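Here the structure comes first, spelled out in structure tokens, and everything after it is commentary.
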Amino acid sequence: GAVVSQHPSRVICKSGTSVKIECRSLDFQATTMFWYRQFPKQSLMLMATSNEGSKATYEQGVEKDKFLINHASLTLSTLTVTSAHPEDSSFYICSARDIQARGISYEQYFGPGTRLTVT
Amino acid sequence: DQQVKQNSPSLSVQEGRISILNCDYTNSMFDYFLWYKKYPAEGPTFLISISSIKDKNEDGRFTVFLNKSAKHLSLHIVPSQPGDSAVYFCAASTSYGGSQGNLIFGKGTKLSVKP
């Protein structure tokens, strides 16, 4: 089956530093990857849609200068949280859509998530 | 404004009985619905989906029912097993507009299946 990995699984950083999270599709190619954020007991909130070779599309209210997204290849997307603050502490999850899917593909394969704690 | 609502934050069911998880939506443009299962500190895993042209889709112990007029869908698990204990997210998507294919998630329902 389609496998998506994320690295690191958890990270603790100091306020003001930047953190990079990697999302990889391991056994398929993904033209589109998504980045979500989940607060405790809350839904997964879509932050941005990342298309290979083009700029990411950010959802309303998400600061593009703070959450930098790069989708340099068909198997890798990165999310960099710049100048992190304690309120950025959250569970970040990526997902990917298989390039083989015909038409509109709704099914997304999710990574295991990254727990970010900013102290 | 929540477009996908799961009004029951938790559900407890005895092993072997039926689990029914409910989901309501407000956007009439949604035409595809999915259920995901999530364990703590893990990403969601796809469970089952249904297109708006259908009213039922079945896969083993899992059946999803869609009532378009009521903008309501439900996931039935029968018989329920302790391993089914997890948080279940309902998600909806549309094939129209700039956000086609994007998933809108509900807040999830935590299912506990007791032995």
Side-chain angles (χ1 to χ4, degrees), chain A residues 1-10 21 23-26 30-51 56-60 62 90-99 101-117, chain B residues 1-10 23-26 29-54 57 59 64 66 73 86-110:
Chain A
V3 178
V4 176
S5 70
Q6 270 184 253
H7 177 81
S9 58
R10 71 179 57 199
I21 302 170
C23 177
R24 293 180 186 272
S25 56
L26 298 185
T31 50
T32 305
M33 288 184 170
F34 303 86
W35 286 96
Y36 295 84
R37 183 174 179 176
Q38 185 187 22
F39 291 106
K41 297 184 180 180
Q42 295 295 317
S43 177
L44 283 78
M45 299 299 297
L46 180 64
M47 299 174 64
T49 303
S50 166
N51 291 300
T57 303
Y58 290 81
E59 295 299 302
Q60 192 173 10
V62 178
S90 188
F91 193 56
Y92 292 87
I93 308 175
C94 73
S95 71
R97 215 185 258 161
D98 194 335
I99 193 175
R102 296 178 181 177
I104 297 173
S105 174
Y106 301 96
E107 199 171 307
Q108 297 176 20
Y109 303 99
F110 286 82
T114 297
R115 170 71 62 191
L116 170 64
T117 303
Chain B
D1 183 34
Q2 260 191 291
Q3 298 186 68
V4 178
K5 300 177 184 177
Q6 292 177 259
N7 293 320
S8 298
S10 62
C23 178
D24 297 292
Y25 62 96
T26 58
M29 300 300 284
F30 287 146
D31 52 12
Y32 201 82
F33 305 89
L34 307 90
W35 284 93
Y36 281 85
K37 178 179 179 179
K38 185 181 182 297
Y39 294 113
E42 292 185 11
T45 54
F46 171 74
L47 204 54
I48 193 170
S49 62
I50 188 168
S51 163
S52 61
I53 62 174
K54 295 184 176 181
N57 188 26
D59 183 3
V64 55
L66 175 63
L73 64 153
V87 177
Y88 289 78
F89 286 97
C90 170
S93 188
T94 177
S95 55
Y96 303 98
S99 60
Q100 62 177 247
N102 289 358
L103 300 180
I104 308 298
F105 284 87
K107 288 189 176 182
T109 296
K110 183 176 182 180

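Treat the numbers as computed from the prediction; the structure is a model and nothing was measured. All chains are named by letter (A, B, ...) in the order of the sequence lines, taking the proteins before the strands, and each is independently numbered beginning at 1.
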* Per-residue contact mode, A/E59 against chain B (heavy atom under 4.5 angstrom) ->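 The answer is the side chain of A/E59.
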* Side chain from CB out, backbone as N, CA, C, O: work out which of these in A/L44 comes under 4.5 Å of a heavy atom of chain B, or both, or neither. =>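 Interface part for A/L44: both.
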* Given a strict heavy-atom distance threshold of 4.5 Å, which part of B/K38 is in contact with chain A: side chain, backbone, both, or neither? ->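 Answer is side chain: those atoms of B/K38 sit under 4.5 Å from chain A.
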* **Residues which pass side chain to side chain donor-acceptor pair (under 3.5 Å) with A/S43, listed by chain and number, not counting sequence neighbours** =>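 A/S43: no side chain to side chain donor-acceptor pair (under 3.5 Å) contacts found.
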* Determine yes or no for a side-chain-to-main-chain donor-acceptor pair under 3.5 angstrom, with B/S93 supplying the side chain and B/N102 the backbone. =>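 Judged by distance alone, yes, a pair lies under 3.5 Å.
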* Report yes or no: does A/S90 contribute a side-chain atom to a donor-acceptor pair with the main-chain N or O of A/Q38 at less than 3.5 Å? =>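 Indeed, once roles are kept as given, a pair shorter than 3.5 Å links the two residues.
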* salt bridge (charged side-chain N to carboxylate O under 4.0 Å, His left out) against A/R24, all qualifying residues, sequence neighbours excluded ->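 Scan of A/R24 (salt bridge (charged side-chain N to carboxylate O under 4.0 Å, His left out), adjacent residues dropped) gives A/E22.
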